[in-house]
Amino acid sequence: MTIAWYLAVSALIFAIGVGGVLVRRNPLVVLLCLELMLNAANLALIGFSRMWGNDDGQIFALIVMVVAACEVTVGLGVIVAMHRHRLPIDVDSMRELQG
Amino acid sequence: MIAAALIHPHGPYIDWAALSPLVALVGGSVVVLMVGLLRSRFARTQVVPFLTLVSLGVTIGFVIWQWHRHVAAISGALAFDQLTGTITLLVAAGGIAATLLSWRGQAPRESAHGDFYSMMLGSITGMVVLVAAQNLVTLFVGLELLSIPLYVLCATEMHRAASLEAGLKYLIVGSVGSATLVYGLALIYGATGSTDFSGIAGSISQGHSSDVLLLTGIALLTVGLAFKASIAPFHQWTPDVYEGAPTPVTAFMAVATKAAAFGVLLRVFDVMLPAEHLNWRPALLVLAAISIVVGNVGALGQSSLKRLLGYSSVAQAGYILAGVAVATTLGARATILYLVVYLLMNIAAFGAIVARERMTPYGDDFDAVAGLGAEDPWLAWPLTIAMLALAGVPATAGFIGKFFLIDALVGAGYTWLAILIVVGSMISLGYYLRVINAVWMRSAPGPSASAAAGVPVIAGGSPEADALGQTHIELRFAAVVFGGATVFFGIVPQPLFDLAQHAANTLSGAL
């Protein structure tokens, strides 16, 4: 199989992630979609790493995983804090700050 | 012999002297976190911020000690040159200012002092790593080390819905930005087969240029960095997060994040991608133009000072990006000069705003500064100077910054963008002068008005006002020092020229 197929799958996953971030209202699902975007990048990195025959891409992918875990931890922490303050867990109802 | 090699494996040589600023920051972060666990109230509320200041001061000392060395540390992953040094000085100064602004604030009390200041130092570490980065992996690690503590810092005033909301909004938007950036980095790696900036530059100059993969990667990378630097049209989070975050954190985000983001933009475009400049330069010029228009027009109708400064920071990002886009040594110099100036003016403004937030019940509304000129000239003058400097009035440092940007633009043949900067500055007088008008021409709203308005006029209002009537010596100090520096460097700009010259010269090999 050529690299193109891996890239196509990775681009598709990235697009699904972007779409989810834009349309979903639950911040938990938004965080899941962010994970999809990061993992799409990981897939591309590993595919390219294989294509070029060096390890840089694989190391990069490992680091992306670590960072993704940190981001989700902070995100979940903020969502729990909002829940404790009885704030609505819904992106659309966050209107305290008028954007 | 073999046994000795097994016992003492040879890792990469680590130049600890070059790394010393980073060591001071990371060490400070750990020490501050530990001291914050002590039971004594004095240790937590006074010693912790003091140690933060010490750590930042030591960092500045190490940068000056290492000033004339150009070192590629840790197998070439980080470059400690004068660009890194300059940006480190800037973010450390921003950190010192933010520590002073939050010394008696609500945010550290609510989130535990140790955690608050430790995260701030962590974020500063990320900024230094980001600007020093010499390959895609360190760039990403630096960016995330900068961002993740900032998300938490935005949400530290936990009893206030606006603060939590700002934290979550910044987290989601910032993570979308980082994910886009990572995808862009993956594509650049795919197109060139290297993660080193120099390797990528070499591969591009050998004929991989204008590859679709590479161009898509550069576009996604630009978008990701534009989110961080709040460049329009990727700025939507900026006013919301600036308004919702605790004000000292807003000040820190405004000055330090911007310095780091533009430092890395200079590094990426002038070191990694100079061969592609025909493709990225038009995009950056257009982004700069959009930011100038959107930021200045958006700020006109604001009634909250923090939102106003949020939109103003979008416009200023447009000015600074123009300096990056021209991609000449003169442009890089103007960019760095403007970053220094931007730090001075914003800290002066935020010092006054934080002080008024604690003294009056109006939060960051215009009413909070009404009548300030008659009541408290030591806060009124720094705020006035900051507003005039942000608008670019002569005899302030803001004028010098804008002058050099316009000079660089005209020199490179982009007179239309220079004219747009002038027009943007004229529009910006429309809102900066409104602040000055409130300070000097309006009288303070009477006590009955404050009672009728209820306590929180806008979100972000009441919590900071609980220390009503204190003198806030550290806030005055920050506002007066940075306001004074704004005027001083407006009249005697030579030290700033020299600093910017040194920093820009490290890039000139690539330009």
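These numbers were taken from a predicted model, which means no experiment stands behind them. In what follows, every chain begins at residue 1, and chains take the letters A, B, ... in the order their sequences are listed.
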Heavy-atom pair of closest approach, residues A:Phe60 and B:Leu185: CZ-CD1, 3.6 Å

Leading residue by heavy atom contact count with chain B [cutoff under 4.5 Å; candidates A:Gly75, A:Ala61, A:Gly53, A:Gly77]: A:Gly75

Gap between atom CE of B:Met158 and atom CZ of A:Arg84 - 0.5 Å precision: 9.0 Å

Gap between atom CH2 of A:Trp52 and atom OG1 of B:Thr192 - 0.5 Å precision: 7.0 Å

Closest non-hydrogen atom pair, A:Met51 against B:Gly190: CE-O, 3.6 Å

Trace of the side-chain hydrogen bond (donor to acceptor under 3.5 Å, both in side chains) decision for B:Tyr189 with A:Asn54: CA-CA 11 Å; B:Tyr189 167 62; A:Asn54 60 25; 2.4 Å; yes

Portion of A:Val67 that has a non-hydrogen atom of chain B nearer than 4.5 angstrom: both

Under 4.5 Å from any heavy atom of chain B - which part of A:Leu31: side chain

Minimum side-chain heavy-atom gap A:Val74-B:Leu171 below 4.5 Å: yes

A:Met82 side, atom CE; B:Leu168 side, atom CG - distance, nearest 0.5 Å: 5.5 Å

Chain A contact via B:Leu136 - side chain, backbone, both or neither, heavy atoms under 4.5 Å: both

Heavy-atom pairs under 4.5 Å with chain A, option from B:Ser175, B:Ser194, B:Gly174, B:Ala155 with the top count: B:Ser175

Proximity breakdown for B:Val176 and chain A, heavy-atom pairs closer than 4.5 Å: both

Side chain, backbone, both or neither of B:Thr180 within contact of chain A (heavy atoms, under 4.5 Å): both

Part of A:Val64 within contact of chain B (heavy atom distance under 4.5 Å): both

Heavy-atom side-chain proximity of B:Leu187 to A:Phe48 below 4.5 angstrom: yes

Distance, nearest 0.5 Å, that separates CG of A:Asp56 from CG of B:Asn135: 8.0 Å

Contact leader toward chain B among A:Val21, A:Ile59, A:Leu34, A:Val66, where contacts are heavy-atom pairs under 4.5 Å: A:Leu34

Closest-packed option against chain B by number of heavy-atom pairs under 4.5 Å, given A:Ala68, A:Ser49, A:Cys33, A:Gly17: A:Ser49

Side chain, backbone, both or neither of A:Thr73 within contact of chain B (heavy atoms, under 4.5 Å): neither

Under 3.5 Å: donor-acceptor pair, side chain of B:Tyr183, backbone of A:Ala44: no

Nearest-0.5 Å distance that lies between atom CG in B:Leu164 and atom NE2 in A:His83: 13.0 Å

Given B:Val182, B:Thr138, B:Val137, the one that forms side-chain contact (heavy atoms from CB on, under 4.5 Å) with A:Ile63: B:Val137

Portion of A:Ala11 that has a non-hydrogen atom of chain B nearer than 4.5 angstrom: both

